[in-house]
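Step one of this worksheet: look at the structure below.
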Amino acid sequence: MTKAEAHLEVYRRFEGSLREYPLRFWPIWTTGLRTALKQRKALALLYAPALIATVIFSFIVYLALMAQQAIQQQNPFGNDPNADLSEVMVKQAALQMVQPGLKMLEVVRQIVGFNQLMGLFSFLAVVWFGSGLFCDDRKAGAHQLYFARPITRLDYFSGKFLIAAFFSLLAMLVPVLVICIVASVTSEDWVFVKEQWDVFPRAIAFSCLWTVVIVSLVLLCSSVAPRRVFAMIGAVGFLMIGESFAAVLGQVVNPRFFALGLMNSLHAVCLDLFNQPAEHSQAAAGDAWLAIGVFVALALGVIALRLKRLEVVA
Amino acid sequence: MSEPIIVLDGLEKSYGSTRALEGLTLALAPGPTGLLGPNGAGKSTLIRLLLGQLEPGAGRARIAGFDPTKRTERLALRRRVGYMPESDCLIPHMNGIELVTALGRITGLSARDAITRAHEVLDYVGLEEARYRGLDEYSTGMKQRLKLAQALVHDPELLLLDEPTNGLDPKGRRHMLELIHDLGHAQKKSLLVCSHLLPDVERTCDTVVVIHKGRIRSSGRIDDLTRGQDSWMQVEFEGDPELFQQALRAGGLQPDVDGPQRLRVRVSAADGDGVFALAASCGAVVTRLVHERSTLEDVFIETLAVAESPSATAQPEVAQETADSVLGAEP
């Protein structure tokens with residue numbers, strides 16, 4: 001063979017040194033994220049509604065706070081010692097009518113309702129971007145490349161988990177923080193920050209909890225399904241069937257069975273975290289926490305077993 | 001003699017009741033080595049054990065001085081080893097440069113080094129113009145070269161190449177073999193080339209290990225193995241064919257007629273001069289004598305034939321002694 005037939009560039013040796021990253025999952029996360037972010041259409045479709053919802057809720061919170069401030073400043077329902085009895089009675093009746101509305105406009109209630117809505121967008125985003133994380137690798141054989149590198153199964157899992165978690169938090173945490181910031185800025189003399197500062201950590205805690213649960217569910221489906229589309233169907237089906245099953249059992253057999261529905265439990269935990277009263281047809285907070293804990297533990301256990309197999313099959 | 005790069009001592013692995021590897025004992029010196037064996041011989045299992053992806057049932061292995069069963073050593077050894085898998089194994093939704101860069105980063109290269117190395121190794125394997133193309137647009141040959149590039153990105157001292165010429169057309173195969181030969185000889189890298197294609201191993205490696213049914217059947221330098229005790233000589237001569245054949249038989253050789261004035265004679269390597277003497281004794285003149293070296297294929301077939309016989313159980317003794325000395329095993 002002549003040199004012209006086979007093109008051979010000169011091989012250059014690497015003169016530097018290899019680093020030992022303490023966070024070995026970091027390159028897996030950043031690489032996966034960069035790859036996922038190439039899906040511009042999916043990003044636009046999944047996050048445009050979330051963006052619109054954030055704008056609407058932010059506006060509602062702004063209006064609510066402005067209304068509350070106006071009421072406090074003008075005090076239209078205050079008692080006037082010189083007013084006659086009929087005027088006082090009219091004011092009291094008006095106050096009775098307005099109070100539930102004002103209560104509904106409280107920022108905390110807005111955030112709880114917002115979490116419920118954004119949970120849907122977050123779930124759809126995680127299903128779209130997370131369903132293929134394990135099964136696509138397995139189908140393409142990419143796990144053979146990963147597990148020939150200096151990483152452990154935990155590093156691999158952590159990198160993949162964070163990819164899905166990023167998309168969940170983008171739909172859950174970021175909008176809630178935006179609303180909290182709007183509330184802080186709108187409230188007079190930073191009253192929201194001074195009096196309701198705990199809404200921030202509670203919102204962060206719930207977003208993180210939601211993310212852990214939803215990402216665990218989607219990654220569980222991805223680890224057992226042979227293809228991405230099956231993982232997507234599995235994740236959506238699990239939630240829908242589980243929720244229906246829990247609702248029937250909760251209504252017919254025992255209300256404690258409401259906790260078997262993952263969404264129901266998450267909503268119960270959300271109300272518990274924000275100190276809101278429980279609603280009808282809803283799991284008790286204790287049962288909800290327990291159900292979520294058991295589900296996450298089981299999901300992570302199954303994922304660990306599947307990843308062990310993935311490495312061995314590599 | 002340099003320190004062995006791979007040492008196996010009684011390595012065993014079973015899948016249920018199936019014994020994939022049975023007491024492998026071996027010490028491989030640095031340099032290009034071929035791991036030959038038919039499908040199902042245990043080659044891929046051995047590679048997985050070397051990478052620490054499988055736990056051995058019994059025995060020990062050391063690669064570049066590291067024990068793959070220990071977590072910290074396993075991670076350290078994977079920094080020094082490059083692996084090119086047999087099957088398709090490309091990360092979806094990436095292009096060539098992204099894949100090699102990402103794997104370089106995961107191995108421990110800084111972001112800057114990873115991108116530089118990715119360009120260098122893609123140039124080296126001849127994918128400079130395809131580096132920004134999506135992987136789904138790559139041909140089989142390009143995928144094979146990309147797999148080699150990702151194995152090289154961190155400049156490992158040992159390369160484990162599993163069927164590197166799988167699915168390649170003749171031109172692509174020739175290019176791949178050139179690259180492997182260059183890595184093993186010009187770049188002085190240690191290679192373990194798993195293949196069932198004997199010419200590939202013969203062309204790229206100096207040493208070969210023949211594995212069959214989970215056991216090492218033969219190992220050594222290819223030159224030594226193919227030289228052998230018995231081989232064939234092609235003898236062209238002038239004189240009476242009958243007399244010459246009689247003389248050869250009288251001299252203890254077995255001639256076969258290969259033409260009117262041509263014989264094939266099975267002789268030992270040292271018997272070349274004897275043929276001249278026997279020809280002279282019957283008045284014949286040897287005009288041409290060619291020593292037909294046995295090919296690696298002959299060695300392989302012969303080794304497998306011996307392995308199939310019921311009495312074939314022995315492991316190479318030299319390898320056992322070397323492994324014992326390296327691993328510090330009790331005699």
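We name chains A, B, ... by the order of the sequence lines, and we start the count at 1 in each one.
A donor-acceptor pair is defined here as one N or O able to donate and one able to accept, closer than 3.5 Å; no such pair exists between the side chain of B:Arg78 and the backbone of A:Pro150.
Counting heavy atoms from C-beta outward, B:Leu179 and A:Tyr11 have side chains that stay 4.5 Å or more apart. Contact annotation: the side chain of A:Leu145 never approaches that of B:Lys147 to less than 4.5 Å [non-hydrogen atoms, C-beta and beyond].
Interatomic distance, CZ of B:Arg48 versus CZ of A:Phe147, reported as 13.0 Å (0.5 Å rounding). One distance of note links OG1 of A:Thr152 with CZ of B:Arg71; it measures 5.5 Å at 0.5 Å rounding. Here the CD1-OG1 distance, from A:Ile151 to B:Thr107, works out to 9.0 Å after rounding to the nearest 0.5 Å. Rounding to the nearest 0.5 Å gives a distance of 5.0 Å between CZ of A:Phe14 and CG of B:Leu109. Rounded to the nearest 0.5 Å, atoms OG (A:Ser17) and CZ (B:Arg79) are 11.0 Å apart. One distance of note links CG of B:Asn95 with NZ of A:Lys38; it measures 5.5 Å at 0.5 Å rounding.
No more than 12 heavy-atom neighbours from other residues, nucleotides or ligands sit within 6.0 angstrom of CD on A:Glu20. By the neighbour-count criterion of 12 heavy atoms within 6.0 Å, atom CD of B:Glu137 is densely surrounded, having more than that number from other residues, nucleotides or ligands. Within 6.0 Å of NZ on B:Lys143 lie more than 12 heavy atoms contributed by other residues, nucleotides or ligands. Counting non-hydrogen atoms of other residues, nucleotides and ligands closer than 6.0 Å to CD1 of A:Ile241 gives a total of 12 or fewer. For A:Arg227, the CZ atom counts as loosely surrounded, since its 6.0 Å shell holds 12 or fewer non-hydrogen atoms of other residues, nucleotides or ligands.
In this structure, chain A has heavy atoms under 4.5 Å from both the backbone and the side chain of B:Arg105. Only the side chain of B:Leu183 comes within contact range of chain A, judged by heavy atoms closer than 4.5 Å. Using a 4.5 Å cut-off between heavy atoms, B:Ala151 contacts chain A through its backbone alone, with no side-chain atom that close. Only the side chain of A:Arg24 has a heavy atom closer than 4.5 Å to any heavy atom of chain B.
Taking every heavy atom of both residues into account, A:Gln144 and B:Pro85 meet most closely at OE1-CB, 3.5 Å. Between A:Ala140 and B:Leu90, the closest heavy-atom pair is CB-O, 3.3 Å. Between B:Cys89 and A:Gly141, the shortest heavy-atom distance links the atoms CB-O, 3.1 Å. The two atoms that bring B:Lys189 and A:Arg13 nearest to each other are NZ-NH1, 3.2 Å, heavy atoms only.
Across B:Arg74, B:Glu120, B:Arg117, B:His154, the residue that shares the most heavy-atom pairs under 4.5 angstrom with chain A is B:Arg117. Taking chain A as the reference chain and counting heavy-atom pairs below 4.5 Å, the highest number among B:Ile106, B:Leu77, B:Leu51 is found for B:Ile106. Ranked by heavy-atom pairs shorter than 4.5 Å toward chain B, the options A:Gly159, A:Ala148, A:Gly16 are led by A:Ala148.
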side-chain contact (heavy atoms from CB on, under 4.5 Å) for A:Asp136 and B:His93? Distances and angles first, verdict last.
CA-CA 10 Å; A:Asp136 276 356; B:His93 315 300; 4.1 Å; yes
Start with the C-alpha distance between B:Glu98 and A:Thr35, add both sets of side-chain angles, then the distance that settles side-chain hydrogen bond (donor to acceptor under 3.5 Å, both in side chains), and finish with yes or no.
CA-CA 9 Å; B:Glu98 284 173 344; A:Thr35 307; 5.4 Å; no
